[in-house]
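These notes concern the structure reproduced below.
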Amino acid sequence: MRIRQEMKANILLKFLMLVLGITFILFGCSTSDEWEEEVSKSPPLSGTSFLTSHSPTLVHTIDFQEMSTRTIDEKDKKITYGYSSLRIYYGEYGSKLVKYKELTGFDLTTVDNFEVKWQGDSQVMINVYRKAKNGTIFKDETIRLDTSI
């Protein structure tokens, strides 16, 4: 009788393992397809706009965007974005902005403020103010941009 119970338990265990294996395979394929679709839909580069300025008579516009590059972690099935550069998009007021000046290696973490000074409707000077470790704020650099080009 005991041998019979052990055989039944053994058969039941094998059946359960088979069902779990099939479920895992089906679930794994579904997850893999969903993951591939998620990766294909995620852009390799993403921009987040954080400051827009228009020229005095609304001829040109500039738009500051923090650019982030996609990183794909196949093992953990995660997509993350990390800061890669600062882009200043520019163009005619009301149009889609496609031209840009890219500042790679630009440290956004210490920027306290951007001061945008238009000189007419095409020339713009951007003063970059940073915050030092001791808390003082200082003008670090000036970016010049001709939005008519």
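Computed from a prediction, not measured in an experiment: that's the story for all the values here.
Across every non-hydrogen atom of Leu97 and Gly91, the tightest pair is CD2-N, 3.4 Å.
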Pair Tyr90-His60, side-chain contact (heavy atoms from CB on, under 4.5 Å): steps then yes or no: CA-CA 7 Å; Tyr90 60 93; His60 289 106; over 6 Å; no
**Item:** Test log, rule side-chain contact (heavy atoms from CB on, under 4.5 Å), inputs Ile126 and Ile88
**Value:** CA-CA 10 Å; Ile126 304 153; Ile88 304 172; 3.8 Å; yes
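In this structure the side chain of Tyr93 reaches within 4.5 angstrom of the side chain of Thr61, judged on heavy atoms. Residues Val128 and Thr142 form no side-chain contact, since every pair of their non-hydrogen atoms from C-beta on lies 4.5 Å or further apart. By the 4.5 Å heavy-atom criterion applied to side chains, Tyr100 and Leu86 are not counted as neighbours. Contact annotation: the side chain of Ile143 approaches that of Leu103 to within less than 4.5 Å [non-hydrogen atoms, C-beta and beyond]. Residues Phe106 and Val111 meet the side-chain proximity criterion, which asks for heavy atoms closer than 4.5 Å. A 4.5 Å side-chain heavy-atom check between Lys101 and Thr147 finds every atom pair outside the cut-off. Residues Thr48 and Ser68 fail the side-chain proximity criterion, which asks for heavy atoms closer than 4.5 Å.
In this model, a donor atom of one side chain and an acceptor atom of the other lie less than 3.5 Å apart for Gln65 and Asp63.
Atom CD1 of residue Ile137 and atom CG of residue Asn113 lie 8.0 Å apart, to the nearest 0.5 angstrom. How far CZ of Arg144 is from NZ of Lys117: 11.0 Å, rounded to the nearest 0.5 Å. In this structure, the separation between CD1 on Ile62 and OH on Tyr89 is 14.0 Å, given to the nearest 0.5 Å.
Centroid-to-centroid, the aromatic rings of Phe138 and Tyr129 stay 6.0 Å apart or farther.
Placement of Phe114 and Val124 within a single hydrophobic cluster is found when ILVMFWY residues are connected by side-chain heavy-atom separations under 4.5 Å, directly or transitively.
One N or O on the side chain of Asp146 and one on the backbone of Ser148 form a donor-acceptor pair closer than 3.5 Å.
A cation-pi arrangement is absent between Arg70 and Tyr81, since the terminal nitrogen or guanidinium carbon is not both under 6.0 Å from the aromatic centre and inside a 45° cone about the axis.
Ion pair Glu141/Arg130 flagged as a salt bridge, since at least one NZ, NE, NH1 or NH2 atom sits closer than 4.0 Å to an Asp/Glu carboxylate oxygen.
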